[in-house]
Novice: 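Have a look at the structure that comes next, please.
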Amino acid sequence: MRKAANFFTYCFLLACSVLLFSCSGKSKQADKPKGKQDQPTIVDVIIAEREPVSDVVEANGTVIPTEFLEIHPEVSGRLTYLNIAEGRPVAQGTVLARINDADLRAQVAKSKVQLDLAEKTVSRYKILLDAGGLNQSDYDLAVNQVNGYRADIAYTQALIDKTIIRAPFPGIIGLRQVSPGAYVTPATVLATLQQTAQVKMDFTLPDFYSELIKIGDLVDVELGTAGEKSHARIIAVEPGANTDTRNIKVRTLLNGNNITPGGFVKVLVNAGKGRSSIQVPTNAVIPDDRNNQVIVVKDGKANFVNVKTGIRQANMVEVTDGLAVGDSIVVTGVLFARPKSKLKVRSVKKLHELVPAADSTSKH
């Protein structure tokens with residue numbers, strides 16, 4: 001009996017403990033504030049306004065000569081003459097090298113002897129033909145033989161001309177790659193020739209900026225490490241973008257003649273072109289599967305608006321469609337706002353307070 005009484009006493013105390021814990025939990029839940037989810041989200045906003053777009057796109061450029069070529073012989077043979085003054089200017093048509101042509105000249109001499117005999121034969125046949133002592137076919141055969149020898153001489157003379165290597169345009173000769181007496185082939189590089197009196201410069205830009213590149217426009221150029229400024233005029237644009245990089249190639253004529261071809265320059269292209277548009281901090285834009293969105297405060301609630309973006313910089317993005325001047329755009333607390341949820345505006349910020357001035361240049 002005594003053991004049974006102790007057991008019932010233990011069960012009674014355990015039940016009281018469970019009841020007390022349950023009541024305590026309900027009391028704590030009752031103490032929690034109701035409607036916490038209905039409290040407005042505190043945010044900061046900016047007022048949308050049109051501002052000048054200042055987007056300077058930085059690209060890498062390469063200086064190239066106006067004209068450039070590698071000097072190759074047209075035929076194989078031994079060099080009998082080499083006139084390559086390294087690093088010196090040469091005029092157009094200057095003979096730079098000759099290849100042994102003794103066998104070809106001998107062939108011309110032989111063909112000339114045969115031609116002389118054939119022409120005499122034609123003269124004799126002509127007399128006989130007029131006197132009726134020769135068939136017309138025999139005379140025609142002799143005339144054809146004369147024409148054949150003349151063609152052989154012209155062909156051999158063309159081969160002799162190929163053994164003479166001339167400068168196709170005025171320029172500066174590069175370093176010599178062969179020596180006199182060397183055996184060369186059309187694959188052999190004798191030297192290089194380039195014009196440096198006026199140089200060009202090539203650079204690439206993403207095809208997004210293709211509408212900004214117009215023939216005749218000027219672009220700013222920084223030369224070398226000293227940051228010397230110059231200008232270049234656009235003279236040509238590749239008609240299609242590279243399928244691998246999606247870049248377009250631009251060719252310009254560079255001012256100044258003291259720039260070494262092959263050198264590196266920095267090109268600065270003004271992509272703003274004096275335009276003005278609504279701009280917002282990048283952290284205010286919410287990327288979506290299909291659209292980009294920003295939150296606009298209307299009647300104290302969060303309205304998610306689809307927008308189209310333009311030029312994007314480090315901390316700022318241009319909005320080309322979807323916003324109107326005067327809209328209140330949420331710039332802080334974006335992650336906590338929900339569609340049609342209540343918002344409480346803590347302060348109105350200025351765009352320049354949120355975006356450092358140093359981020360006004362885009363690099364590509």
Side-chain angles (χ1 to χ4, degrees), residues 50-70 89 91-92 167-172 174 192-279 308-314 316-321 357-364:
R50 301 187 70 86
E51 296 188 9
V53 177
S54 177
D55 182 28
V56 178
V57 181
E58 181 179 309
N60 297 330
T62 302
V63 180
I64 61 174
T66 305
E67 301 291 348
F68 172 85
L69 62 82
E70 292 180 337
Q92 183 176 0
F169 54 81
I172 306 295
T192 59
L193 178 66
Q194 54 187 320
Q195 286 183 347
T196 58
Q198 180 71 67
V199 294
K200 300 176 183 178
M201 185 264 296
D202 288 351
F203 68 94
T204 57
L205 279 180
D207 59 353
F208 175 81
Y209 297 104
S210 59
E211 295 183 356
L212 304 175
I213 302 300
K214 305 296 182 183
I215 295 178
D217 286 355
L218 293 177
V219 294
D220 295 328
V221 179
E222 290 186 2
L223 309 175
T225 57
E228 179 184 351
K229 294 291 184 68
S230 184
H231 300 285
R233 185 176 299 277
I234 299 174
I235 59 174
V237 181
E238 194 73 37
N242 185 290
T243 55
D244 295 327
T245 62
R246 307 303 176 187
N247 290 340
I248 57 173
K249 190 174 184 178
V250 184
R251 176 158 293 176
T252 64
L253 197 61
L254 193 58
N255 292 336
N257 57 0
N258 58 345
I259 306 169
T260 303
F264 166 83
V265 294
K266 185 183 297 183
V267 184
L268 304 175
V269 180
N270 181 12
K273 295 291 184 182
R275 296 186 299 107
S276 62
S277 62
I278 297 174
Q279 301 174 65
K308 293 182 179 180
T309 59
I311 295 174
R312 183 179 296 270
Q313 301 176 6
M316 185 169 61
V317 62
E318 175 191 16
V319 177
T320 59
D321 189 30
D359 292 330
S360 61
T361 300
S362 295
K363 297 182 179 180
H364 299 271

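Counting begins at 1 with the first residue of the sequence.
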Novice: Nearest heavy-atom pair of Ala232 and Leu254: which atoms, and what distance?
Specialist: CB-CD1, 3.7 Å
Novice: A side-chain contact here means heavy atoms from C-beta on lying under 4.5 Å apart; do Tyr209 and Val57 qualify?
Specialist: yes
Novice: Would a 4.5 Å heavy-atom cut-off, applied to side chains only, mark Pro89 and Ile172 as touching?
Specialist: yes
Novice: Could you tell me whether the side chain of Arg233 reaches within less than 4.5 Å of the side chain of Thr252, counting heavy atoms only?
Specialist: no
Novice: Kindly give the heavy-atom pair with the smallest separation between Thr196 and Pro261, and that separation in Å.
Specialist: CG2-CG, 3.6 Å
Novice: Gly171 and Gln195: which non-hydrogen atoms are nearest, and at how many Å?
Specialist: CA-CG, 4.3 Å
Novice: Return the minimal non-hydrogen interatomic distance between Gln279 and Glu318, and the atom names on each side.
Specialist: CG-CA, 4.3 Å
Novice: Taking all non-hydrogen atoms of both residues, which atom of Phe68 and which atom of Phe169 are closest, and how far apart?
Specialist: N-CZ, 4.1 Å
Novice: Have a look at Phe203 and tell me which of Asn60, Val221, Thr62, Val250 forms a side chain to side chain contact (heavy atoms under 4.5 Å, CB included) with it.
Specialist: Val250
Novice: Using atom types as modelled and distance alone, determine if a side-chain donor or acceptor of Gln92 lies under 3.5 Å from a backbone N or O of Pro168.
Specialist: yes
Novice: For Ile248, run the side chain to side chain contact (heavy atoms under 4.5 Å, CB included) check against Pro239, Pro206, Ser210 and tell me which one passes.
Specialist: Ser210
Novice: Keeping to residues at least two apart or across chains, list the salt bridge (Lys or Arg N to Asp or Glu O under 4.0 Å) pairs with something in residues 196-205.
Specialist: Asp202-Lys249, Asp202-Arg251
Novice: Given side chains that start at C-beta, do those of Leu205 and Val269 come closer than 4.5 Å, heavy atoms only?
Specialist: yes
Novice: State, yes or no, whether a side-chain contact exists between Glu222 and Lys229 at a heavy-atom distance under 4.5 Å.
Specialist: yes
Novice: For Met201 and Gly61, work out which heavy atoms get closest and say how close.
Specialist: SD-CA, 4.0 Å
Novice: Let me confirm one number: the OG1-CG distance from Thr245 to Asp207, rounded to the nearest 0.5 Å.
Specialist: 8.5 Å
